[in-house]
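Comments concern the structure below.
Order of listing sets the numbers, starting from 1, for every ligand and every atom in it. Only this structure's heavy atoms are used, side chains among them; waters, hydrogens and symmetry mates stay out.
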Amino acid sequence: MMSSCKYVLFLFAVLLSASSSTISISVQQNFVQCLSVNSQLSIPSSTFYTRNTSSFSSILLSTAQNLRFTDPSLPKPEFIFTPLQESHVQAAVICSKKLGIHMRVRSGGHDFEGLSYVSEIETPFIVVDISKLRSITIDIDDNSAWVQSGATTGEVYYRIAEKSNIHGFPASSCTSLGIGGLITGGSIGFMMRKYGLSADNVLDARIVEVHGRILDRAVMGEDLFWAIRGGGGGSFGIILSWKIKLVPVPPTVTVFTINKTIEQGATKLFHRWQQVAHTLDEDLFLSFLSSGQFKSKWKQNCTEHIHRPVSWWRWSTPSSNAGEGLYPIASPPQILLQRQNIYKNYFKSKSDFVKEPIPETVLEGIWKRFLEEENPTMVLSPYGGMMSKISESEIPFPHRKGNIFEIFYTTGWQDGDQNEKKHVEWMRELYEYMAPYVSKSPRAAYVNYRDLDLGMNKKSNTSFIDARAWGEKYFKGNFKRLVRVKTKVDSGNFFRHEQSIPPLPLGG
Ligand SMILES: Cc1cc2nc3c(=O)[nH]c(=O)nc-3n(C[C@H](O)[C@H](O)[C@H](O)COP(=O)(O)OP(=O)(O)OC[C@H]3O[C@@H](n4cnc5c(N)ncnc54)[C@H](O)[C@@H]3O)c2cc1C
């Protein structure tokens, strides 16, 4: 007898075929039929958004952060599937593979190049959006939590703070990020000098691998467990959940911010700051310096240092006022549950690692370039501390000892694609200008600040040699081990995108 779940899906497939004007069986009909055969739990039709569904666009755009990749001219998925259970994800992998449908996976939608919801190199494609899998189970006695991939960092911070004011988790400084995609790339944030990356604080994981099986750490083995903690999203499988280690934090912390305009000598302060920031090992929290703010926000007559006691999670939320968080200081903690990034825009970003202090004249040159662009920002994140104590090969994220800080460059705009070329060129020129003053051979980059200018795979036919161009920038010597793991767990390259880890060719 047909189970109720299969009956729902069967009906849905019949409805789809009835509404179709073509005789050929469409991608989505095949997929729905396949799901009905391969899932043990009911899959409601409301989890499935075809291009004919009225909410298709709003679901597609709901978490897409970079508006550049929401342009109507770009390829759209055949449909979006939003699993409600782990077994739905398993069935999605089995069916995409069986039917040869290219798949993209999305947790929080913050990929800088939109790779979780746009495939320009391979069509047709579907999006498996796991934002509805977002339960968080905190075990304070065990100092740990299981977090499903669709949860945001804000939700994680909130649920921890709800249970304890002396436990925290080192993760991103922006609270709308999906924990699924974030930890796959490492995840830097305001506690990294004290505790390292989020990926350094992962105890276990559940992943759907290429045959649709769910593996935890014990079953997947240490090679794959190593690769998924920093080797980048979308290469090895679909992470269902992470078991994270909670770390001790004081009930309140002191926030330290340098706050000067250019006229008040900001360049000099910057210069001094880069010589000492990475040596302040005991500092619990990062001071982010943003040159963009000099231009737009730090024009007021501010004091040089702001010391302010705040709850640890509050500092995770950068604000419109320097020295506070993203939201006004009086905001209730429930603001962390707001899953949306309130500053969505069109943007192009890049990253660099700095090993020697940047000369003052170069800082002045950056400033001149900033004056030519409407909304530029450069965030300097000091390394040192725990980041220097962890070995380069502990996990795939290799940017450890010897880096004094990381640069995140970004330029944002709101007027669509009209002036996109101009803004992107501006960013590329600034990157070129910085080349002599940042890491070399390779010029390193952070995989979570994805930059397709560094290189791209060609369709499913990826080449190890091509991928080395950007793979060694993101992962240095760890790239080769990532390729070996990929070859072992997904030799057919099912999980792929423009910058996924390639397997070695057969016999290679
Ligand atoms: C506004 C903003 C602020 C940011 N702030 C920080 C910060 O403070 N620190 C930091 O380190 N980074 C930061 N980032 C970068 C961020 O870490 C990456 O964009 C990260 O990939 C986001 O994860 P996501 O799940 O939201 O993105 P998605 O776009 O959903 O996914 C990103 C990549 O991971 C893959 N992926 C997604 N979910 C899964 C899964 N469950 N299993 C396997 N692969 C998956 C996707 O296919 C894609 O390739 C920021 C980005 C933005 C836009």
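For the pair Tyr449 and ligand 1, a heavy-atom separation below 4.0 Å is found. Ligand 1 lies within reach of Gly109, whose nearest heavy atom is under 4.0 Å from it. Ligand 1 lies nowhere less than 4.0 angstrom from a heavy atom belonging to Phe495. Contact annotation: Gly237 has at least one heavy atom less than 4.0 Å from an atom of ligand 1.
The heavy atom nearest to atom 26 (O) of ligand 1, considering only Gly189, Gly178, Ala205, is found in Gly178. In the candidate list His110, Gln499, Glu113, Glu498, His110 is nearest to atom 52 (C) of ligand 1, counting heavy atoms. Summarising the contacts of atom 50 (C) of ligand 1 with Leu177, Leu133, Ile239, Ile238, the nearest heavy atom is found in Leu177.
The aromatic rings of Trp413 and His423 lie parallel to each other, their planes meeting at an angle below 30°, with 60° marking the opposite boundary. The aromatic rings of Phe81 and Phe31 stand perpendicular to each other, their planes meeting at an angle above 60°, with 30° marking the opposite boundary.
Not a single donor-acceptor pair under 3.5 Å links the side chain of Thr152 to the backbone N or O of Gly178.
A salt bridge links Glu122 to Arg496: at least one charged side-chain nitrogen sits closer than 4.0 Å to a carboxylate oxygen. Look at Glu86 and Arg206 and you find a salt bridge, because one of the NZ, NE, NH1 or NH2 atoms lies within 4.0 Å of a carboxylate O, short of that distance. Taking a cutoff of 4.0 Å between a charged side-chain nitrogen and a carboxylate oxygen, Lys473 and Asp451 do not qualify as a salt bridge.
Checked against ring-ring contact (aromatic ring centres under 6.0 Å, His included), Phe397 has the following partners two or more places apart in sequence or in another chain: His399, Tyr446.
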Would you please test Phe112 and Tyr449 for ring-ring contact (aromatic ring centres under 6.0 Å, His included) and show each step?
-> CA-CA 6 Å; Phe112 281 6; Tyr449 294 165; 5.3 Å; yes
When you look at Trp242 and Trp146, which way does the side chain to side chain contact (heavy atoms under 4.5 Å, CB included) test go after all the steps?
-> CA-CA 6 Å; Trp242 299 103; Trp146 271 105; 5.7 Å; no
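Contacts of Ser149 with ligand 1, taken as heavy-atom pairs under 4.0 Å, involve the side chain alone.
Annotation: Phe112 places no N or O atom under 3.5 Å from an N or O atom of ligand 1; distance criterion only. For Ile188, a nitrogen or oxygen atom sits less than 3.5 Å from a nitrogen or oxygen atom of ligand 1, counting backbone and side chain alike. Considering backbone and side-chain atoms alike, Thr184 places every N or O at 3.5 Å or more from each N or O of ligand 1. Considering backbone and side-chain atoms together, Ser116 places an N or O closer than 3.5 Å to an N or O of ligand 1. Residue contacts with ligand 1: Gly234 is placed with a nitrogen or oxygen under 3.5 Å of a nitrogen or oxygen of the ligand (distance criterion only). Inclusion of Val105 in the set of residues having an N or O under 3.5 Å from an N or O of ligand 1 is warranted. When only interatomic distances are considered, the shortest N/O to N/O separation between Ser172 and ligand 1 does not fall below 3.5 Å.
Residue Tyr446 approaches ligand 1 through these ligand atoms, each under 4.0 Å from one of its heavy atoms: 10 (C), 11 (O). Residue Arg106 has at least one heavy-atom neighbour below 4.0 Å for each of these atoms of ligand 1: 30 (O). Proximity to Ser187 (heavy-atom distance under 4.0 Å) selects the following atoms of ligand 1: 11 (O). Proximity to Arg450 (heavy-atom distance under 4.0 Å) selects the following atoms of ligand 1: 49 (O). Within ligand 1, counting atoms from 1 as listed, the ones closer than 4.0 Å to a heavy atom of His497 are 49 (O). Close contacts of ligand 1 with Ile130, meaning ligand atoms under 4.0 Å from a residue heavy atom, involve 41 (N).
More than 12 heavy-atom neighbours from other residues, nucleotides or ligands sit within 6.0 angstrom of NZ on Lys132.
Geometric assessment of Arg443 against the ring of Tyr431 yields a positive cation-pi assignment under the 6.0 Å and 45° thresholds.
At a cut-off of 3.5 Å, with distance as the only test, a side-chain donor of Tyr409 or Asp352 sits close to an acceptor on the other residue.
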Side-chain donor-acceptor contacts of residues 97-106 below 3.5 Å, not counting sequence neighbours, with atom names and distances?
{"unit_1": "Lys97", "atom_1": "NZ", "unit_2": "His211", "atom_2": "ND1", "d": "3.4"}
{"unit_1": "His102", "atom_1": "NE2", "unit_2": "Arg104", "atom_2": "NE", "d": "3.0"}
{"unit_1": "His102", "atom_1": "NE2", "unit_2": "Arg104", "atom_2": "NH2", "d": "3.2"}
{"unit_1": "Arg104", "atom_1": "NH1", "unit_2": "Leu115", "atom_2": "O", "d": "3.1"}
{"unit_1": "Arg104", "atom_1": "NH1", "unit_2": "Val118", "atom_2": "O", "d": "3.2"}
{"unit_1": "Arg104", "atom_1": "NH1", "unit_2": "Glu498", "atom_2": "OE1", "d": "2.9"}
{"unit_1": "Arg104", "atom_1": "NH2", "unit_2": "Ser119", "atom_2": "OG", "d": "3.3"}
{"unit_1": "Arg104", "atom_1": "NH2", "unit_2": "Glu498", "atom_2": "OE1", "d": "3.1"}
{"unit_1": "Arg106", "atom_1": "NE", "unit_2": "Thr63", "atom_2": "OG1", "d": "3.2"}
{"unit_1": "Arg106", "atom_1": "NE", "unit_2": "Asp129", "atom_2": "OD2", "d": "3.0"}
{"unit_1": "Arg106", "atom_1": "NH1", "unit_2": "Leu60", "atom_2": "O", "d": "2.7"}
{"unit_1": "Arg106", "atom_1": "NH2", "unit_2": "Ile59", "atom_2": "O", "d": "2.9"}
{"unit_1": "Arg106", "atom_1": "NH2", "unit_2": "Leu60", "atom_2": "O", "d": "3.3"}
{"unit_1": "Arg106", "atom_1": "NH2", "unit_2": "Asp129", "atom_2": "OD2", "d": "2.9"}

